[in-house]
Peer 1: 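Below are the structure tokens for one structure; questions will follow.
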Amino acid sequence: MASEPRDEDITLAGNLTLAEILAGGRAQPAMLNDGHCHFFSSRFFELLGAQMPGERNGTQTAAALCGRLGWDDPGSPDALADRWVAEMDRYGVGRSMLMASLPGDEGSVAAAVSRHPGRIVGGFMVNPVAPDGALRVRSALGSTGLRVVCLFPAMHRYSLADPKVAEVVGLVAATPGAVLFVHCGVLSVGVRRKLGLTSRFELRYGQPLDVQRYAVDHPSLPIIVPHFGAGFFREALMLAEACPNVVLDTSSTNGWVRYHPGLTLTDVYRTAMAVVGPDRLMFGTDSSFFPRGWQTPVYDSQRAILEQLGTEDGFRASIFGGTFNRLFP
Ligand SMILES: [Zn+2]
């Protein structure tokens with residue numbers, strides 16, 4: 001299609017629009033939700049500590065690692081969940097998606113969701129090609145209240161074409177209310193770098209076009225691609241235009257724009273609004289640890305960009321809250 005289609009026109013034969021899929025309305029009232037945060041629990045730090053060279057499992061406590069990082073000890077999952085909700089209250093954030101950020105930490109976020117079900121949407125990282133990958137997804141989606149299954153193919157170095165990935169995606173698609181998240185593009189994990197952990201990532205595995213098969217096979221399954229594709233912006237747009245069940249999240253500082261000479265986040269927003277539209281853009285910050293807390297600079301800069309672009313109120317309401325509410329009713 002030569003002209004720029006409006007979002008509601010992006011409806012392929014036989015497919016539903018995202019709005020139809022989610023049975024939601026259009027823009028919600030002004031409400032700020034955060035579609036992308038990390039729940040850095042004590043268990044998360046223990047799992048990281050176990051990856052450190054020369055460390056025997058369990059010798060690195062969360063408190064010790066946080067001491068090295070200059071970060072606050074997260075304490076129990078309940079205490080960390082309370083801290084998150086207090087932080088959200090402070091900045092007027094209604095709900096947030098918080099994800100367990102290593103496989104094996106599902107329990108921490110499940111505890112947070114059960115403590116604040118109206119405020120926290122739970123996600124968890126899984127390695128679908130690990131021997132226990134599918135089992136973990138089945139049990140986490142079964143009864144814990146977790147609903148976002150997060151794949152990081154570059155981190156765990158697997159092809160999205162692997163049949164084990166298809167099995168896991170099938171489990172997610174078969175679970176009412178569950179959502180798939182696929183991290184594509186550049187991946188850097190600051191906490192690993194700070195601790196001197198080697199990251200054997202292979203970025204070639206995080207290709208948005210490889211997500212298309214799942215979006216097409218499961219047209220009712222919402223799929224989030226974060227950070228506008230994190231360097232694969234063009235491919236993320238191609239994917240989202242082809243697949244009405246794909247949502248792009250806007251989270252983090254989007255430093256990947258450096259790879260595109262002259263590109264600014266304002267250009268990214270302008271193009272994404274034209275191709276994808278506000279109903280499939282979801283604001284997020286990528287906040288993770290305390291005392292830094294919720295990343296207001298990310299919100300302030302994206303808010304300013306949308307104001308500069310003269311985006312109408314309803315569209316901003318979608319990006320900052322409505323898309324989240326439709327994904328996570
Ligand atoms: Zn993130």
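The figures that follow rest on heavy atoms only: side chains count, while hydrogens, waters and symmetry mates do not. If you read the sequence from its start, that first residue is 1, and numbering goes on from there. When a ligand or atom number is given, it counts from 1 through the structure's own listing order.
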Peer 1: Measuring from atom SG of Cys66 to atom CZ of Phe290, what distance do you get when rounded to the nearest 0.5 angstrom?
Peer 2: 12.0 Å

Peer 1: Do the side chains of Arg326 and Ser318 get nearer than 4.5 Å, heavy atoms only?
Peer 2: yes

Peer 1: Is any side-chain heavy atom of Val121 less than 4.5 Å from a side-chain heavy atom of Arg95?
Peer 2: yes

Peer 1: Count, excluding waters, the protein N, O or S atoms that are closer to the Zn ion (ligand 1) than 2.8 Å.
Peer 2: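 With waters ignored, the protein N/O/S count below 2.8 Å is 3.
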
Peer 1: Determine the minimum heavy-atom distance between Ala242 and Gln212, stating which atoms define it.
Peer 2: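 Shortest heavy-atom separation between Ala242 and Gln212 comes out as CB-NE2, 3.7 Å.
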
Peer 1: Any salt bridge linking Asp78 with Arg115? Criterion: basic side-chain nitrogen under 4.0 Å from a carboxylate oxygen.
Peer 2: yes

Peer 1: Please table the atom pairs, donor to acceptor, closer than 3.5 Å between any side-chain atom in residues 162-182 and protein atoms at least two apart or in another chain.
Peer 2:
residue: Asp162; atom: OD1; partner: Lys164; partner atom: N; Å: 2.8
residue: Thr175; atom: OG1; partner: Leu171; partner atom: O; Å: 2.8

